[in-house]
Amino acid sequence: MDAYPESTANSLLKDECYTDFLKEEFDVKTYTAQAIHHAVIAEQLAKLAEGISQLDKELHCQVVARHEDLLAQATGIESLEGVLQMMQTRIAALQSAVERIRTKIVDPYNKIVARTAQLARLQVACDLLRRIIRILYLSKRLQGQLQGGSREITKAAQSLNELGE
């Protein structure tokens with residue numbers, strides 16, 4: 001609307017008949033009730049039809065005046081849609097690559113975690129077995145020392161001390 005200083009649309013906007021429509025608090029029911037109350041319905045309808053006709057003409061003039069710009073914008077929108085489609089394809093490819101990488105990392109990580117826990121349990125079990133073997137060895141030695149009588153008493157005391165530890 002900037003191309004014409006006093007366009008048809010601007011003259012319509014200044015017309016008192018149309019100022020009600022431009023208000024933020026415009027209410028169709030209230031406007032209709034007032035038109036019916038004042039019994040000027042036919043006159044109002046004619047005025048509105050004339051305004052609509054003038055707006056259609058102004059819209060046509062604006063489209064004709066900015067035809068090249070509108071075509072350029074439409075072409076720009078089409079190219080943006082192409083870029084958007086390409087970006088969506090790339091995002092899908094990236095998501096697929098991330099999923100493949102996640103599979104390559106997560107599965108081995110989970111195996112490492114499981115094997116580490118298994119190794120820790122094995123180490124605890126081996127430590128317990130070493131202690132049990134040591135206890136069995138010391139108890140057999142103690143039994144032999146106790147059967148040896150009083151001359152093996154100091155060795156038996158040493159074996160008991162080791163068993164206590």
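Since the structure is predicted, the reported quantities are computational estimates derived from the model, not experimental observations.
No donor-acceptor pair under 3.5 Å is formed between the side chain of Ser53 and the backbone N or O of Ala49. Between the side chain of Ser96 and the main chain of Ala92, no donor-acceptor pair closer than 3.5 Å is present.
Between Arg131 and Asp127, at least one side-chain nitrogen of the basic residue sits less than 4.0 Å from a carboxylate oxygen of the acidic one, meeting the salt-bridge criterion.
Put simply, CD1 on Ile105 and CZ on Arg102 are 9.5 Å apart, with the number rounded to the nearest 0.5 Å. Taken from CD in Gln123 to CZ in Arg121, the straight-line distance is 11.5 Å, to the nearest 0.5 Å. Atom SG of Cys126 is separated from atom CD1 of Ile133 by 9.5 Å, given to the nearest 0.5 angstrom. In this structure, CZ in Arg115 is found 11.0 Å from CG in Leu119, a value given to the nearest 0.5 Å. Atom-to-atom distance recorded for Gln95:CD and Arg90:CZ is 14.5 Å, nearest 0.5 angstrom. Atom-to-atom distance recorded for Leu94:CG and Ile101:CD1 is 9.5 Å, nearest 0.5 angstrom.
Atom CE of Met86 sits in a crowded spot, with more than 12 heavy atoms from other residues, nucleotides or ligands closer than 6.0 Å.
Each of Leu138 and Ile153 belongs to its own hydrophobic cluster when Ile, Leu, Val, Met, Phe, Trp and Tyr are linked at side-chain heavy-atom distances under 4.5 angstrom. Hydrophobic clustering of Ile, Leu, Val, Met, Phe, Trp and Tyr side chains at less than 4.5 Å, counting indirect connections, keeps Leu59 apart from Ile52. Residues Leu55 and Leu70 fall into different hydrophobic clusters, defined by Ile, Leu, Val, Met, Phe, Trp and Tyr side chains chained together at heavy-atom separations under 4.5 Å.
When all heavy atoms of Leu142 and Ser159 are compared, the closest pair comes out as CD1-CB, 4.1 Å.
Residues passing the side-chain contact (heavy atoms from CB on, under 4.5 Å) test with Gln158: none are found, sequence neighbours excluded. Listed by chain and residue number, nothing satisfies the side-chain contact (heavy atoms from CB on, under 4.5 Å) test with Glu68 (two or more places apart in sequence, or in another chain).
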Step by step, would you call Arg141 with Lys155 a side chain to side chain contact (heavy atoms under 4.5 Å, CB included)? CA-CA 9 Å; Arg141 192 171 83 183; Lys155 290 181 182 177; over 6 Å; no
CA sep, side-chain torsions, deciding dist, call: Gln62, Glu58, side chain to side chain donor-acceptor pair (under 3.5 Å): CA-CA 6 Å; Gln62 292 292 329; Glu58 180 63 22; 2.7 Å; yes
Could you walk me through whether His60 and Val64 pass side chain to side chain contact (heavy atoms under 4.5 Å, CB included), step by step? CA-CA 6 Å; His60 179 74; Val64 169; 3.7 Å; yes
Going through the checks in order, is the side chain to side chain contact (heavy atoms under 4.5 Å, CB included) test met by Glu50 and Gln54? CA-CA 6 Å; Glu50 178 186 338; Gln54 287 178 345; 3.5 Å; yes
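Counting side-chain heavy-atom gaps under 4.5 Å among Ile, Leu, Val, Met, Phe, Trp and Tyr, the cluster of Leu128 also holds Val124.
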